[in-house]
Amino acid sequence: MPRISRALISALLLLAMTAGPGVLADDNKHVLLLHSFGAEMRPWSDYAQGIRQELNRQSPWPLTITDQSVVSARYDTNSSEKPFADYLAALFAQHPPAVIISVGAPAAAFVQRNRGQLFASTPMVLTTLEERRIRYSDLTQDDAVIPIQIDYKAVIVNILKVLPDTRHIAVVNGTSPNEQFWSNLIKKEAAPLAGRVELTIWDNLSFADILKEASRLPPHSAIIWEGMNVDAAGVVHDGDEPFKSLRAVANAPIFGYTEPLIGQGVVGGPFNAIRDTSRTTAAVSVRILGGEKAGEIRIPALPFAAPKFDWREMKRWGIAEGRLPQGSEVDFRGPTAWEQYRWQIALIATVILLQGVLISNLLRERLRRSRAEVQAQQRAAELAHINRYSTAGELTATIAHELNQPLGAILTNTETAEIIVKSGAPNLNEIADILADIRRDDQRASEVIARLRSLLRKAPFELKQIDLNDVVRDTVHFLSALAVARNVNLTNHIDPLPLPIKADPIQLQQVVLNLITNAMDAMSDMPIAERAIAISAKRDRNFAELSVSDVGPGIPTEKLKNVFEPFFTTKPRGMGMGLSIARTIVEAHGGELWAENKPTGGAIFHVRLTLATAPE
Ligand code: ADP
């Protein structure tokens, strides 16, 4: 236990006489800041610093502020108090301070106890002390008090509000007289909440044991940091270290009510604001320095300020912002993504923007193209329709011939039936046979008309699954009469297996029709016996291939490509549109149409389309 010896006092007195307040300039006002536990002891050191700043800010006079600490405040003894009071009296004997500001309850108690012996008439400002620690009866007319309120119940209620599952609260506190006072008060104030939460005060443990306990608290626990000056083992603790050690090992959130702890690792809540206390203390001190009587200045106790929380601790313990009491302030928010990655975000946003512009341009372009494609398809379909009309015109003679046959047969059969009916004993069986023939011929005529109709139908482009063999068979059948009329030997070789393709049957028929009529035209000047057209349909890997070959003069090699151009014709009454339309149709089916000359003479046109299903 430190004791201040007489020798030490003598040395201090010597120091005081050479470097003490006696050297102050006349207009300087001397303020003595008397600390409770030492100039570096939190939270009082922060309050003292705040008061010092505010004094310098508010005072119209230059100030000299000196610091002294009541070291005896930590111990349960008054033995060192007397020499310390002697020391102060000696130190400031020549130039007593204009005002003494005591920070914290122990310093206040010290000045009150030693008022007479110290500076009997020097005004004192007792600040940063809880209102329940003020000994009002001992106050003199030269004492002003800046009391603060510590509301333990509010501290506990705050814990239960932000962490409603809390069942157990442990309070870290030391055993010095000052700390014992608070332990008793906490117990009293927490009593009404006994059924809601279990309270343990660790004031009978060494700090090392407190750390052990704090590291193995059961779930739903919280810790209140009251302070740690002297632990149960008698070890004196100083500075921020004890709190830091607790923070490092605690497995539960820590709460406190003094402002300096906010930002050090407490969750937060209502607290004694340094600013409120410092401003009021400085204001009162300046009034006293200006001549006001200290005892006449009455200041109501300063309550807790609006709650303040540490965002990082809230995240750590899963406390949503919505759980905080109304009017709470949240500090220490992490930098937002924007603050952290400003350039990266800006870059990405620019790239996305550029991409967006590019994509929208491409989409617009695609829309424009698909519109153009639809328009082109419509035009091609219209053109194809017109072309079918002109083909149909060419086929008129054939169609007439095809119709004439069944109609003639019908007439003959009807006449025969009339003769039989007019005979004496008509043979009904024979009449029935004749009627069946008439029906068959009528159907044949109807089919011719239906085929013509379907060829001339103005139908929209429509893909269906069909067999290319059927298209060849139908078209050849359709043109057989024309072939007879034009003396052409028309043969077809279809694949024994089906050739499934996805196609528009009318349009594909038109292609075949065009190729065959062109071949007939090409051979019109040849001797009748030689005129021959071979149509074949076969598989070639994944394709169905159709070819129309003739034995005509062929196409001059340099014109092989030109024949597919619109309006290319070598015929006096030709339109030059047939092959161009045929190629458009084939390409609309995803296929190819090309022409070659056969080595043996004559032209051959190929149509290649993708098979709808792969060959087995
Ligand atoms: P058009 O029949 O009205 O002339 P097309 O586009 O059907 O129009 O044919 C264009 C030209 O291609 C024909 O005029 C002809 O010169 C040539 N051509 C087409 N098919 C054959 C073929 N099988 N043999 C020789 N020339 C052909």
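Scope of the values below: all heavy atoms of this structure, side chains included, with no hydrogens, waters or symmetry mates. Counting starts at 1 for both ligands and their atoms, in listed order.
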Between [Y] and [X], does any NZ, NE, NH1 or NH2 come within less than 4.0 Å of an OD or OE carboxylate oxygen?
{"X": "R275", "Y": "E259", "result": "no"}
{"X": "K315", "Y": "E321", "result": "no"}
{"X": "E365", "Y": "R368", "result": "yes"}
{"X": "D310", "Y": "R312", "result": "yes"}

Centroid separation F243 to W225 less than 6.0 Å: yes
More than 12 heavy atoms of other groups within 6.0 Å of W338 CH2: yes
Which residue supplies the protein heavy atom nearest to [atom], what is that atom called, and how far is it?
{"atom": "atom 12 (O) of ligand 1", "result": "V563 CG1, 3.4 Å"}
{"atom": "atom 24 (N) of ligand 1", "result": "A522 CB, 3.5 Å"}
{"atom": "atom 2 (O) of ligand 1", "result": "K571 NZ, 2.6 Å"}
{"atom": "atom 26 (N) of ligand 1", "result": "I555 CG1, 3.4 Å"}
{"atom": "atom 16 (O) of ligand 1", "result": "T570 OG1, 2.3 Å"}
{"atom": "atom 8 (O) of ligand 1", "result": "G576 CA, 3.2 Å"}
{"atom": "atom 5 (P) of ligand 1", "result": "L579 N, 3.6 Å"}

The one among F564, F567, F568 that brings a heavy atom closest to atom 11 (C) of ligand 1: F568
Pick from N518, I516, N562: the one approaching atom 7 (O) of ligand 1 most closely through a non-hydrogen atom: N518
G552 heavy atom under 4.0 Å from ligand 1: no
F605 to ligand 1, any heavy atom closer than 4.0 Å: yes
Region of D550 engaging ligand 1 - heavy atom pairs below 4.0 Å: side chain
Please list, in number order, the atoms of ligand 1 under 4.0 Å from a heavy atom of [X].
{"X": "M575", "result": "3 (O)"}
{"X": "G554", "result": "25 (C)"}
{"X": "G578", "result": "5 (P), 6 (O), 7 (O), 8 (O)"}
{"X": "G574", "result": "3 (O)"}

S245 side chain to E241 backbone, donor-acceptor under 3.5 Å: yes
N/O donor-acceptor pair under 3.5 Å between R531 side chain and D525 backbone: no
Shortest non-hydrogen contact from D504 toward L463: N-CD2, 3.9 Å
Parallel, tilted or perpendicular, as decided by the 30° and 60° cut-offs, for the rings of W594 and H606: parallel
N/O separation below 3.5 Å, T569 to ligand 1: yes
Atom 18 (N) of ligand 1 protein-contacted (non-hydrogen atom, under 4.0 angstrom): no
Interatomic distance, D442 atom CG to R439 atom CZ [nearest 0.5 angstrom]: 8.5 Å
